[in-house]
Protein chains: 2
Amino acid sequence: MEDDDFDLGLRLRALRQLNELSQRELAKRAGVSNAVISLIEQNKSSPSVGVLKKVLAGIPISVSAFFSQDLTPRQKVFYRAEDLTEIGSGNISYQQVGRDLSDKALQVLHERLKPGADTGETLLRHESEESGIIISGEIELTVGDQRKILKAGDAFYFDSRIPHRWRNSGEVDAVIISACTPPTF
Amino acid sequence: MEDDDFDLGLRLRALRQLNELSQRELAKRAGVSNAVISLIEQNKSSPSVGVLKKVLAGIPISVSAFFSQDLTPRQKVFYRAEDLTEIGSGNISYQQVGRDLSDKALQVLHERLKPGADTGETLLRHESEESGIIISGEIELTVGDQRKILKAGDAFYFDSRIPHRWRNSGEVDAVIISACTPPTF
DNA sequence: CTTTCATGCTTATTATAATTAACACTATTA
DNA sequence: TAATAGTGTTAATTATAATAAGCATGAAAG
């Protein structure tokens, strides 16, 4: 969380290249001159937060996310799974990773909702947390007294004990990848 | 974006007063002139991040904490695409849902690997499980003595204590949504 | 080979932020 | 009644960042 070793120029450059943008392309999106990007990346100038905001909006990334150098040490590992198991019905498809989750600590789902599809009010009483990312389409998610429409790339994280529901508020199929833990059924 | 309504001046003033510092006292500690504090708090000037760093060091608070609007007593549920925390570098992008996972039981990531991107051999000794789904592109996974190429729609589930690695074996970017539990390191 | 385009970098000028030194206000104190 | 020390604000100057234009390199095309 400390910023002493925070190299702003390096971080901006990494983010820009990660998003496959040239200095000029980013500058154009951000509405600044290309020299600004060059100078900032070389740490030859310290941008005002106003300008930094504009630049980051062109990537896009928020200022707070930019400074969150959360180097959460991440486990870099993957393994092959079984075919996805269809556990849904009607106009909502739930494709689950893995067949028998009884001894597992994680449930990952590939969900597809047809337009208008609704989960209905759900009250879960087990201790678990749920998170996911919208792949395509549009989802209206209600958690407790909070409600928001999420689109492709947006995400969510909540405690499953809070009453929640979601529905496809768009005109096309909505696709979500979600995860929850533990998969106690 | 969460920063659209971010009032930098207001936030600085609130933090300064919370710490019972006068503009002059804070300026002295920060090594800047007192007028700077006044102008920033009135949003009459947009400080460079260099100056902002110095000012915040006088409170003291880190830049990342300053921009993290975690004042919200309310649990954060919705994350916009640009608010996902980028924790990657180089040719692998990891966008994490949520910033501080220290009290959470789930880590969900939106990953993007450039062609040829490779994690290298990793040996992890944590008791955790990981799962995910390939959204697009092609991934070659190696786990123990098994190896397989996964394409869009394929998925995986494994015990992360097994040595493993993965790389983008295709010609285009590969996108994965993955989850692992717990994020306690 | 030359031409064209895109890339990142550099320089001179312009715009903006930071400093210095004042101002106005309040509360305390002689 | 000043006189003093604290506060936040402001104006003029200086320092710095942002712009516009051009330079240099490298890749692809003619």
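Just so it is clear: chains get the letters A, B, ... in the order the sequence lines come, proteins before strands, and each one is counted from 1. No hydrogens, no waters, no symmetry mates; every other heavy atom, side chains included, goes into these values.
- Of the side-chain N and O atoms in Gln23(B), none sit less than 4.0 angstrom from OP1 or OP2 of dT7(D).
- Atom CZ in Arg13(B) sits roughly 12 Å away from atom C1' in dT7(D) (whole-Å rounding).
- In this structure, Gln23(A) CD and Leu39(A) CG are separated by 9.0 Å, a value rounded to the nearest 0.5 Å.
- Spacing between atom CG of Asn34(A) and atom C1' of dC23(D) amounts to 13 Å, rounded to whole angstrom units.
- For Glu20(B), the CD atom counts as loosely surrounded, since its 6.0 Å shell holds 12 or fewer non-hydrogen atoms of other residues, nucleotides or ligands.
- For Ser45(B), no side-chain nitrogen or oxygen approaches OP1 or OP2 of dA17(C) to under 4.0 Å.
- Rounded to whole Å, atom C1' of dT10(D) lies 16 Å from atom CD1 of Ile37(B).
- Residue contacts for Ser33(A): at a heavy-atom cut-off of 4.0 Å it reaches a base atom on one of the strands shown.
- Remark: Leu18(A) CG to Arg11(A) CZ distance equals 9.5 Å, nearest 0.5 Å.
- Residue-level contact check: Lys44(B) touches the backbone only, with heavy atoms under 4.0 Å from sugar-phosphate atoms and none from bases.
- Among the atoms of the strands shown, only primed sugar atoms or phosphate atoms (P, OP1, OP2) are found under 4.0 Å from some heavy atom of Gln42(B).
- At whole-Å resolution of the value, CG in Leu39(B) and P in dA12(D) are 14 Å apart.
- One atom, CD1 of Ile40(B), and another, P of dA17(C), lie 10 Å apart when rounded to the nearest Å.
- Rounded to whole Å, the distance from CG on Asn43(B) to P on dT10(D) is 13 Å.
- Between the side chain of Arg24(B) and the base of dG8(D), at least one donor-acceptor pair of N or O atoms lies under 3.5 Å.
- Rounded to whole Å, the distance from CD on Glu25(B) to P on dA5(D) is 17 Å.
- For Val51(A), the listed nucleotide lying nearest its side chain is dA18(D); candidates were dA18(D), dT10(D), dA21(D).
- For the pair Glu41(A) CD and dA17(D) P, the interatomic distance rounds to 16 Å; values are reported in whole Å.
- Judged by closest nucleotide on DNA chain D, Arg16(B) is the one of Arg16(B) and Ser48(B) placed further toward the 5' end.
- Counting only heavy atoms from C-beta on, Ser22(A) has its side chain closest to dT7(C) among dA17(C), dG8(D), dT7(C).
- Rounding to the nearest 0.5 Å places CG of Asn43(A) at 9.5 Å from CG of Leu12(A).
- Between the CD1 atom in Ile133(A) and the CD1 atom in Ile176(A) there is a gap of 11.5 Å [rounded to 0.5 Å].
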